[in-house]
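Taking it in order: structure first as structure tokens, then the write-up.
Residue numbers start from 1 in every chain, and the chains themselves are labelled A, B, ... in the order their sequence lines are given, proteins ahead of strands. Remember, predicted model here, so these are calculated numbers, not experimental data. Values below: every heavy atom of this structure, side chains too, minus hydrogens, waters and symmetry copies.
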Protein chains: 2
Amino acid sequence: MALDHAILVSLLEKPGSGYELARRFERSIGYFWTATHQQIYRVLKRMEADGWVDVRGVPQRTRPDKKEYSVAAAGREALSRWLHDPIEPESVRHDLAVKIRGAAFDDPAALVREVERHQRMHQDRLAHYLAGEARDFGPPAGATGAPGSPVPPDPGRELQHAVLRGGIAYERMMIDWLDDVLATLHRLAPGR
Amino acid sequence: MALDHAILVSLLEKPGSGYELARRFERSIGYFWTATHQQIYRVLKRMEADGWVDVRGVPQRTRPDKKEYSVAAAGREALSRWLHDPIEPESVRHDLAVKIRGAAFDDPAALVREVERHQRMHQDRLAHYLAGEARDFGPPAGATGAPGSPVPPDPGRELQHAVLRGGIAYERMMIDWLDDVLATLHRLAPGR
DNA sequence: CGTGGCATGTAAGAGGTTACATGATTTC
DNA sequence: GAAATCATGTAACCTCTTACATGCCACG
């Protein structure tokens, strides 16, 4: 149900077309929410009908025309209401954990490859996040900036960084845990 | 799509009724997969029709009769096929992260209470997991067992423990990250 | 002249949530 | 006598995924 609100937040950060939103959901927003373009177009159409977003046709020379969406007053209010509503912590769905428990009834050694594959994907994502952090949130510490010129903090930027740090912490935790799982699997099937 | 397989794994660990499965999904299996009784009954019926599970009516004295499900050969094969199929890492859905980024366009201070509430829920879950670990997987280390009597490792038990350790690592990571988020929010709205 | 990116959609089907429904027994 | 637990289900609705569909432009 929060796809609506995720789109509103993204449009507040920067107005854009359905296509652009879909690309953002593959990147930064995808760290904590996924959506395909089909979902996004459907929700945009509904929110437009409800007056939550405004549309503006943008003709383009070399590329197909697009519709630029921005958040209307009603959308801002809807977002604000949702922000003040308590939400339940999200339900978890870890296919890999099902597989790990299932391995007891199959070949544990065969799972090693799959776990290693997942670990590699998490390592890739971690590298991607860290690169994004370095790019968007500047030099990590002890920077070469002139002392005595503190940059005024931008709340949006700070909060985006905090969310990204969550993604980084998640990937690190997963990599460590999968190390643990691999060690357990090797203990159970030492002949490898 | 993995609900089928999660149910098969659970039934392999121990046969039981739809009601019992629903309770397990509130507890141990719920660490990595959630399902309501409605979903479970629907899937059990379908798997029974497909010959993946066997049913046995169990009359009970003081309580309503129940149907005890167990995994049939075809179900075991289906599970094995799925275990050998590579799967994609699960897509993430973090409502709270949407809220955190949305707070830039609303009152960041108002989010503090919500984040604290979530942190408390994660602390409760962590305590619950740790209690379960102590109960089911024995004394943590340096136990009082007689030396020289190594217990033969039970693969199912070891793998269940590994999955539980993943849940514990996840909750610890979330608690730490929410500390980070709270510090960021306080930095942005110091008048609190 | 084919591949990939930009840009928007429809439709079918699977999966998940919420509400409704029943009925016995045990516990407070 | 009310509430909680055991036990099973139906129905409606919403959401999400997957496949299909179109068309232009840029690049090699």
Side-chain angles (χ1 to χ4, degrees), chain A residues 1-7 11 15-27 29-30 32-50 53 55-69 82 87-95 98, chain B residues 1-8 11 15-27 29-30 32-50 53 55-69 78 82 87-95 98:
Chain A
M1 198 39 143
L3 175 56
D4 307 36
H5 306 105
I7 288 175
L11 287 178
S17 68
Y19 188 85
E20 283 162 358
L21 282 169
R23 301 221 55 210
R24 289 185 215 170
F25 274 85
E26 281 172 11
R27 302 158 144 273
I29 306 171
F32 55 88
W33 202 275
T34 55
T36 59
H37 78 271
Q38 293 91 337
Q39 275 178 278
I40 291 166
Y41 284 122
R42 204 163 357 103
V43 172
L44 281 174
K45 188 165 280 187
R46 195 186 65 223
M47 291 201 296
E48 190 194 340
D50 293 347
V53 292
V55 201
R56 193 171 64 91
V58 178
Q60 296 188 116
R61 306 260 163 90
T62 63
R63 289 184 283 186
D65 297 352
K66 64 176 180 179
K67 301 182 186 171
E68 193 180 79
Y69 290 89
W82 178 73
I87 49 171
E88 288 311 299
E90 40 284 325
S91 53
V92 195
R93 252 101 209 252
H94 280 295
D95 297 67
V98 178
Chain B
M1 195 42 139
L3 175 56
D4 306 37
H5 307 105
I7 289 176
L8 288 173
L11 288 178
S17 68
Y19 187 87
E20 283 161 0
L21 282 168
R23 301 223 55 211
R24 289 185 216 170
F25 273 84
E26 281 172 11
R27 302 157 145 273
I29 305 170
F32 55 88
W33 201 273
T34 55
T36 60
H37 78 270
Q38 293 90 337
Q39 276 178 277
I40 291 165
Y41 284 123
R42 210 170 345 113
V43 171
L44 281 175
K45 189 165 278 187
R46 194 184 67 223
M47 291 201 295
E48 190 194 338
D50 293 347
V53 293
V55 201
R56 193 171 62 93
V58 177
Q60 296 186 118
R61 306 258 163 90
T62 64
R63 290 185 282 184
D65 296 353
K66 65 177 181 179
K67 300 181 187 174
E68 194 180 78
Y69 291 87
W82 178 73
I87 49 170
E88 288 313 297
E90 40 286 324
S91 52
V92 195
R93 253 104 208 251
H94 280 294
D95 297 68
V98 178

Next item on the list: Rounded to the nearest 0.5 Å, what's the gap from CZ on A/Arg24 to CD1 on A/Ile40? Could you check?
Entry: 10.0 Å
Item checked: Sequence-distant partners of B/Gln38, side-chain hydrogen bond (donor to acceptor under 3.5 Å, both in side chains), two or more places apart -> B/Thr36
Notebook entry, point to check: When the distance from CD1 of A/Ile7 to C1' of D/dT15 is rounded to whole Å, what number comes out?
Noted result: 13 Å
Next item on the list: For the helix from C/dC1-D/dG28 to C/dC28-D/dG1, figure out the bend between the end axes, five pairs an end, and round to 10 degrees.
Entry: 40°
Check: Of all residues at least two apart in sequence or in a different chain, which pass the side-chain hydrogen bond (donor to acceptor under 3.5 Å, both in side chains) check with B/Arg56?
Finding: B/Glu68
Next item on the list: Taking only the side-chain nitrogens and oxygens of B/Tyr41, find out if one of them lies under 4.0 Å from OP1 or OP2 of D/dT8.
Entry: yes
Note to self: Between A/Lys45 and C/dT8, is there a contact of a side-chain N or O with OP1 or OP2 at under 4.0 Å?
What the structure shows: no
Check: Would you say C/dG5 has OP1 or OP2 under 4.0 Å from some side-chain N or O of A/Arg23?
Finding: no
Next item on the list: Using atom CD of A/Glu20 as one end and atom P of C/dG5 as the other, report the distance to the nearest whole Å.
Entry: 16 Å
Margin query: Could you tell me how far apart A/Lys66 (NZ) and C/dG5 (P) are, to the nearest whole angstrom?
Written below: 18 Å
Next item on the list: Enter the distance from B/Trp33:CH2 to A/Asp95:CG here, rounded to the nearest 0.5 Å.
Entry: 4.5 Å
Item checked: Non-neighbouring partners of B/Arg46 that pass salt bridge (Lys or Arg N to Asp or Glu O under 4.0 Å), sequence neighbours left out -> B/Asp4
Using atom names, set out every protein N or O paired with an N or O of nucleotides 23-25 of chain D below 3.5 Å, distance rounded to 0.1 Å.
residue: D/dC25; atom: O3'; partner: A/Thr62; partner atom: O; Å: 3.3

Next item on the list: Could you pull out all residues at least two apart from A/Trp82 that satisfy ring-ring contact (aromatic ring centres under 6.0 Å, His included)?
Entry: A/His5
Notebook entry, point to check: Are OP1 or OP2 of C/dT8 and a side-chain N or O of A/Tyr19 less than 4.0 angstrom apart?
Noted result: no
Checklist line | Nucleotide D/dA7, atom P - distance to CZ of B/Arg56 in whole Å | finding: 13 Å
Note to self: Tell me every residue that passes side-chain contact (heavy atoms from CB on, under 4.5 Å) with B/Tyr41, counting only those two or more places apart in sequence or in another chain.
What the structure shows: B/Tyr19, B/His37
Notebook entry, point to check: A/His37 NE2 to C/dG5 C1': how many Å, rounded?
Noted result: 13 Å
Margin query: Holding to side-chain hydrogen bond (donor to acceptor under 3.5 Å, both in side chains), I want the full list of residues that pass it with A/Glu48, two or more places apart in sequence or in another chain.
Written below: none
Note to self: The criterion is side-chain hydrogen bond (donor to acceptor under 3.5 Å, both in side chains); which residues satisfy it with A/Lys67, sequence neighbours excluded?
What the structure shows: none
Margin query: I'd like to check the ring-ring contact (aromatic ring centres under 6.0 Å, His included) partners of B/His94; sequence neighbours left out, ordered by chain and number.
Written below: none
Margin query: From NE2 of B/His5 over to C1' of C/dG15, roughly how many Å is that when rounded to an integer?
Written below: 14 Å
Checklist line | Minimum heavy-atom distance A/Val53-A/Leu44, with the two atoms named | finding: CG2-O, 4.2 Å
Note to self: At less than 4.0 Å, is any side-chain N or O atom of A/Gln60 found next to OP1 or OP2 of C/dA7? Yes or no.
What the structure shows: yes
Margin query: In this structure, how many angstroms lie between the P atom of C/dT10 and the CG atom of A/Leu44, rounded?
Written below: 13 Å
Check: Can you check the A/Glu90 CD to D/dC16 P distance for me, whole Å?
Finding: 14 Å
Where do N or O atoms of nucleotides 16-18 of chain C meet protein N or O atoms at under 3.5 Å, pair by pair?
residue: C/dG16; atom: OP1; partner: A/Arg93; partner atom: NH1; Å: 3.2
residue: C/dG16; atom: OP2; partner: B/Gln39; partner atom: NE2; Å: 3.2
residue: C/dT17; atom: OP2; partner: B/Gln39; partner atom: OE1; Å: 3.1
residue: C/dT17; atom: O4; partner: B/Arg42; partner atom: NH2; Å: 3.3

When the side chains of residues 57-65 of chain A are checked against the rest of the protein, which donor-acceptor pairs come out under 3.5 Å, sequence neighbours left out?
residue: A/Gln60; atom: NE2; partner: A/Pro64; partner atom: O; Å: 2.7
residue: A/Asp65; atom: OD1; partner: A/Gln60; partner atom: N; Å: 3.0

